[in-house]
Structure formats: C-alpha cells, structure tokens
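Working notes, structure below.
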Protein chains: 2
Amino acid sequence: MTFQFVNPKMFVMGIVERKSRQKQALRERILDAARRIVMREGFAALSMRKIADAIEYSPATLYLHFASRDEIAQTLCAEGYAQLLETFVPLAQIADPAERLKALGRAYVAFGVAHPETYRLIFMEDPSYTGAALGGAATASGKTNLAPAKADDDPGDAALHIMLTALEELKAAGRLSASMDLAVWAEAFWATLHGIVALNLTCPVFPGAPLDTVVGVALDTWLGTQSAGQPQRAARSARAGGKKKSAEAPAELHAEAGGEPAAQPSQPSQPAARAGKKATKPAGASANEPATKPKAASA
Amino acid sequence: MTFQFVNPKMFVMGIVERKSRQKQALRERILDAARRIVMREGFAALSMRKIADAIEYSPATLYLHFASRDEIAQTLCAEGYAQLLETFVPLAQIADPAERLKALGRAYVAFGVAHPETYRLIFMEDPSYTGAALGGAATASGKTNLAPAKADDDPGDAALHIMLTALEELKAAGRLSASMDLAVWAEAFWATLHGIVALNLTCPVFPGAPLDTVVGVALDTWLGTQSAGQPQRAARSARAGGKKKSAEAPAELHAEAGGEPAAQPSQPSQPAARAGKKATKPAGASANEPATKPKAASA
DNA sequence: GTCTATAGCGTGATAGAC
DNA sequence: GTCTATCACGCTATAGAC
C-alpha cells in the first residue's frame, strides 16, 4: 500500500488537532456573538436563536459547544470578571495603601459604567452568575484551558485579597481604627462602590452630580482626604469638627483606568435596556423568556 | 305607577356607585395577587395569566382594569415606594440630624431586605419603574385617587428632602464640611445604602459579615461614630465628640423600623428565579408587543 | 363585564436526516 | 458536525360571543 510506511496516527492526530482548533474557534465565535448581543441589547435579550443568527449557524449547533444558554452566560461572566481583574493588576503597585484603594475604587466604577451590561450580568442579575465569574475567571482569562482544573489561583478571592492587603497596611500605619474588622470594612466599602455603579446603571434619578464627583466624595469619606502622596493620618472624614476641605475631584475616571485595552467596545449607547421603554427584563428565564423588547436596535 | 314618586336617578346613581365599588374591589384583588406573585416568585415571573389564575378570572378581564402588565408593575412600584416612605415619617422627628440620618439609613436597608422583590422592582429593575414609584407614590398610598392629578406632594422628592434637611442641619452645626455639596453627599450616601441592599439581594458573595455590622460601619463612616445603642430615644448624643469606640453594631434592624405593620409578608425564600436552578423560569416577557403601541385601551 | 378562543410571537431544547 | 423540523411551552393582547 502506498501509505504503509507512514504511521496513520500522524494523520489522525493532525486531523484531530485541526478539528479541535475548529471547534474551539467556533466556540469563540459563539461567545463573541453572545457578548455583542448582551452589550447591545442587554442580557435578557440574549437567546440561542439570536446567537445562531449572528454566527449564521443553526440553533442546534450551539448545543454542541454549550449545554445551555446559562452556560454561555456564565462563561461571559467569567470573562468579564477576568477583564475587571486585569484592570486591577497594575494598580496593586501603588505604594500608598489609601491611594491604592482609591485607584481600585475608581477603576471599579469606571469598569461598571464602561461595560454596563457586563457589570449587570456579573453583579446584578443572578447569584449563580456571580459565582461563575468568581470561580471561573482564571480559565476564562488569557490562559489556555488545557489545565482547567488547576484552580491554584481562585481568582474569585484575588480582588478581595488585594483589598485586604491594602487595609492591613492602612491599619498597620495607624490610619484605620485598630479594632476595625477589615472584612466588614471591605464589604461596606465595596457596597459603596457597587451602589454608585448600580444607581448609575438603573436609576437615573439623581441626574445631578457627575459620577466623578460622587466617587470622589465616597472615596474621601472612606479613606480620608489627601491629594496625592501626602499621607495624612487618622483623619477620618465626617468627624465632629474634623475635616472641612471640600471634595476634590478624583481626576481621571475613564474606562481604562489601568491603562489596559478593553476587549469590549462598551458604551454601546445604553442598551435599550434603560434607554427605551422596557429595559432589561430580569429573567432568569428558562423556558421561554420572551425576553426584552429592546428591539430598538435590530429593527 | 308604583315608582312614580321616586326619582329613578336615585336608583341609577346607586347602581353606578355599586358598580364603581365592585370595579375598584376587583382592581385591588388584581394588585393583591400581583403583589403576592412578585414577592413569591420575583418580578420576572409576573404574568397576566398567573394573576388571572390567582383571582380566578380570565386574563382578558385584567385588561379592563389595567392597560398592560407594565401598568400593573408600575402601580406596584408606587405602592412599595409609598410604603417605604411611611417607614421614614416617624424617623423625621429625631432631633439630632446625624442620628436621624442613621435611623433613616437603617430603615432603608431594613426595608430592602424585608421586601427584596419589592425593592428590586423599584430600584433594580427598570428605570421607568423607579420613575413610576417616585412620581406616583402619592396616589398609590392611602389617599383615594379621586383627585389623582393633584400632585401637590411630589412624593418622589420627599425622601430626598428629608435627607437634605438633615444634612443642612449637620452642616450648620459644623459637623460637615462647609464646602461640601449636599446633593453630592446625599447621592453618595444613598449609593452606599443601596449598595448594601443590592449586594445582599443578589450577591451572597461575602457571607461573612452580618448585615447589621456592615450597616453600622457604613453609617459610622459617613456620619461619625456615636452610639446608636437604643433605637431612637431621641439620641442624647448632642454632638460628635462623644463616643469613638470601634464599630459597634447598630442594634435593631428589623423590617418595621418605624413600627408600622407591613402589608407584605416578605422574605419569600428567594424566588425560584434566582434561588433554584431552573425551577420557575422567569419569563420576562414583553413577548410580542406587536409593534403597534396603540394599546391605550379605554379606561 | 366577563368569558372563550386564538392570533402572533418568541423561547429552550431535542430528534433524526444528511 | 450541521441542519431542518418540531415539540412543548409561555407570553401579551385582542375579537367576538354571551
């Protein structure tokens, strides 16, 4: 036979690899399409049919790559969270712990307003999505998932760890009450940032203040007023006669606070979600979930 | 004729009134059923069919009382917001402005965790619902809607006004930076409370700290440390100088902070929507909305 | 005023041909 | 691996009989 001297396995392996690459590529296309839909129309509008239309495959094909719509959503969450974490990395180098925390806070808020639908998906939709993000961010990030079960990172706690480290330094420097429970402080601080983002995403009630200003006041309140490097001691904000400087604007507040390029276009034009009438239908939907009406864009 | 001495109009008017009462009663039954569904299964699971089933009428009948599912949702929002405002009323009597703000903050958070689905509906779902709540709370509250167009109240700003008043007192007393923009401070403060509630409702990520503790730290940070020991005994704490111990728990944090009975059972058990995996599929649905908006059914 | 029936649409997911 | 076809739902909203 013509091929008798060649190990057939070589061909097989090459074919297997090619198929694997193709499969992986399609998986990425699916996720890309899903990401675009979520950003443009909100998570509630994400459906298997729409994704299939976008990539020009049949809906049934999607199920060869993802077990369900939920699995796609969770993957998006993990990706988004990894993206958020990347934003934090360079900020961890800031020497002064208070300034570091402020920078992290600004980056967090900036991410939320820059990627509203991603933020919603991760932190405002369904706890199971939040869990997926925190638990699966490592595999979703740059690393290949050839060793997905590694989990030596647990990226879910990465952000928390960065925060707690800064807090410990702060306490060690006597700039935070020695009896303060750091975990509690961290949670309350995070809640403040989350509240600012969430309010901006769904409640345009206070059109009043510019986001930067609000963030500035919040950070000053939690971490004390200090311009740049000037370490100031204790000086908690709202003390009785205490501080009286005004709120200084925190300067920069852009999407890429860390100087990192964002994969997501973001700022899509406020997905019909809040712009149009209906917005994001909640949904956790399973069966049907007629989803959102935000057809605005498509039509 | 037997009835010749009686003005037929008297009968007519009585009949009209009876019919009006019956109609109003059915309207209330519809809202009751809707409220129960939202509390039990989440807003996403609210559908005309379910409401109709619950009150044992056909779906078509609902449209004689409400133009759409959305109108029902907005009415619920307005009711819920009115309920929240009622919680605030007694607290406005607290003399010390800082203590007043703390009590308001605790009441706010308590309301959020006591009525999670109502809170979601008002502040976390759709901006148009938030608007409906803030704009329509007066008519939804106790008052009859015989004079619905009155709008001399604008309850939407009521809460904000209470807060700003307290802030002005605080500033006047020198306990707040003279240059602080009160509106900004108010927004950031509200964001903190909202963040605490929102995080608790959708992100059981930090199981760590008890809610009371987190709220306590947040209030101390924003308003200075001073005992919050007893509920609202007019707070003897004349000024800030007083206590400075670490974060102490703020004591009470129950749903009925104001001492008012809540109509809603609340604490339904995390609607299947987010609790269980798939269970009750949410189904958001503005299903079709046949492009044409001409709903405007007769009232 | 109330109902039955249904139009019209959208969904998640699967079976089975190719 | 991909598609067509379809099942089995659930939804909003309306027409028209009674």
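Labels below follow one simple rule: chain letters A, B, ... track the order of the sequence lines, proteins then strands, and each chain is numbered from 1.
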Rounded distance in Å - [atom1] ([X]) to [atom2] ([N]):
X: M48(B); N: dC9(C); atom1: CE; atom2: P; value: 20 Å
X: R69(A); N: dT11(C); atom1: CZ; atom2: P; value: 10 Å
X: Y63(A); N: dA13(C); atom1: OH; atom2: C1'; value: 5 Å
X: D53(A); N: dT11(C); atom1: CG; atom2: P; value: 9 Å
X: D70(A); N: dG12(C); atom1: CG; atom2: P; value: 10 Å
X: I72(B); N: dA13(D); atom1: CD1; atom2: P; value: 9 Å

Below 3.5 Å is the cut-off: list the nitrogen or oxygen pairs between protein and nucleotides 1-4 of chain C, distance only.
residue : atom : partner : partner atom : Å
dC3(C)  : OP2  : S58(B)  : N            : 2.9
dC3(C)  : OP2  : T61(B)  : OG1          : 2.6

message = Given the structure, check if the side chain of R49(A) and the base of dG10(C) hold any donor-acceptor pair shorter than 3.5 Å.
response =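 Flag unset: no donor-acceptor pair detected.
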query = In terms of side-chain geometry, is the basic nitrogen of D32(B) or R29(B) positioned less than 4.0 Å from the acidic oxygen of its partner?
reply =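 Salt bridge between D32(B) and R29(B), a charged N being under 4.0 Å from a carboxylate O: no.
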inquiry  = One thing to verify: whether R40(A) and E117(A) come together as a salt bridge, which I'm taking to mean a side-chain N less than 4.0 angstrom from a carboxylate O.
reply    =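 Not counted as a salt bridge, because no side-chain N and carboxylate O are separated by less than 4.0 Å.
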request  = Quickly, which of I30(B), L121(B), L76(B), T118(B) forms a side-chain contact (heavy atoms from CB on, under 4.5 Å) with R35(B)? Name it, please.
outcome  =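 The single option meeting the side-chain contact (heavy atoms from CB on, under 4.5 Å) with R35(B) is L76(B).
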task = Identify which one of E17(B), Q24(B), K19(B) satisfies the side-chain contact (heavy atoms from CB on, under 4.5 Å) criterion when paired with R21(B).
result =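 It is E17(B); the other options fail the test.
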inquiry  = Centroid separation under 6.0 Å, is that true for the rings of Y81(B) and Y119(B)?
reply    =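 Ring centres of Y81(B) and Y119(B) not closer than 6.0 Å.
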task = Answer yes if the ring centres of F43(B) and Y129(B) are under 6.0 angstrom apart, and no otherwise.
result =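 That pair passes the under 6.0 Å test.
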